[in-house]
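Below is one structure, written out as structure tokens; the observations come after it.
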Amino acid sequence: MSKIHVKKGDTVMVINGKYRGARGKVLDVSPSEGKVIVEGVNIVTKHVKPRKMGEPGGIIKAEAAMYADKVQVVCPKCGRPTRVGHDINAKGNKVRVCKKADCGAQFE
């Protein structure tokens, strides 16, 4: 298993590819694949077969997984995409922090 710099619920910005510049909330994280699913980003069409009697099938639009290295966490304080650092807070817990020189805000 590998570690990923984003967590479920983080607001991220896409920094590479077709959806570059788009912001969204992380819906799901898959550390084994190194991928994330971001709300409103990487939309694909899926052909869905009806599962039960009377249930309609058809074509739906859904978010697909994308590589986690294509996204950066957006700092809640300064609102800019940033790398994530780690620090020990006053209670002795490890927290994630903004790496921007003029910010340094803690996440969660």
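Computed from a prediction, not measured in an experiment: that's the story for all the values here. We use all heavy atoms of the structure for the numbers below, so side chains are in, but hydrogens, waters and symmetry mates are not.
Pro56 places none of its side-chain heavy atoms less than 4.5 Å from the side chain of Pro50. Inter-residue side-chain proximity for Thr82 and Gln72 is flagged as unmet; no heavy-atom pair is nearer than 4.5 Å. Within the 4.5 Å cutoff, the side chain of Val38 has no heavy atoms near those of the Lys25 side chain.
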Test log, rule side chain to side chain contact (heavy atoms under 4.5 Å, CB included), inputs Arg23 and Val74
CA-CA 8 Å; Arg23 291 181 186 220; Val74 174; 3.2 Å; yes
So Val41 and Met66, side chain to side chain contact (heavy atoms under 4.5 Å, CB included) or not? Walk me through it.
CA-CA 9 Å; Val41 176; Met66 64 188 308; 3.8 Å; yes
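Applying the salt bridge (charged side-chain N to carboxylate O under 4.0 Å, His left out) test to residues at least two apart or on different chains, the pairs with a partner in residues 67-80 are Arg80-Asp102. Within the structure, the side chain to side chain donor-acceptor pair (under 3.5 Å) test picks out no pair touching residues 41-55 (sequence neighbours left out).
Interatomic distance, NZ of Lys99 versus NE2 of His86, reported as 10.0 Å (0.5 Å rounding).
Every side chain to side chain contact (heavy atoms under 4.5 Å, CB included) that Ile43 has, sequence neighbours left out, goes to Tyr19, Lys61, Glu63. Residues passing the salt bridge (Lys or Arg N to Asp or Glu O under 4.0 Å) test with Arg83: none are found, sequence neighbours excluded. Listed by chain and number, the residues in a side chain to side chain contact (heavy atoms under 4.5 Å, CB included) with Val6 are Ile4, Asp10, Val12, Val36, Val71, Val73 (sequence neighbours excluded). Residues satisfying the side chain to side chain contact (heavy atoms under 4.5 Å, CB included) criterion with Lys18, sequence neighbours excluded, are absent altogether.
Residues Glu33 and Tyr67 share a closest heavy-atom pair of O-CE2, 4.2 Å. Nearest heavy atom pair, residue Val29 against residue Lys7, reads CG2-C, 4.0 Å.
A distance-only check finds no donor-acceptor pair linking the side chain of Arg20 to the backbone of Met13 [under 3.5 Å].
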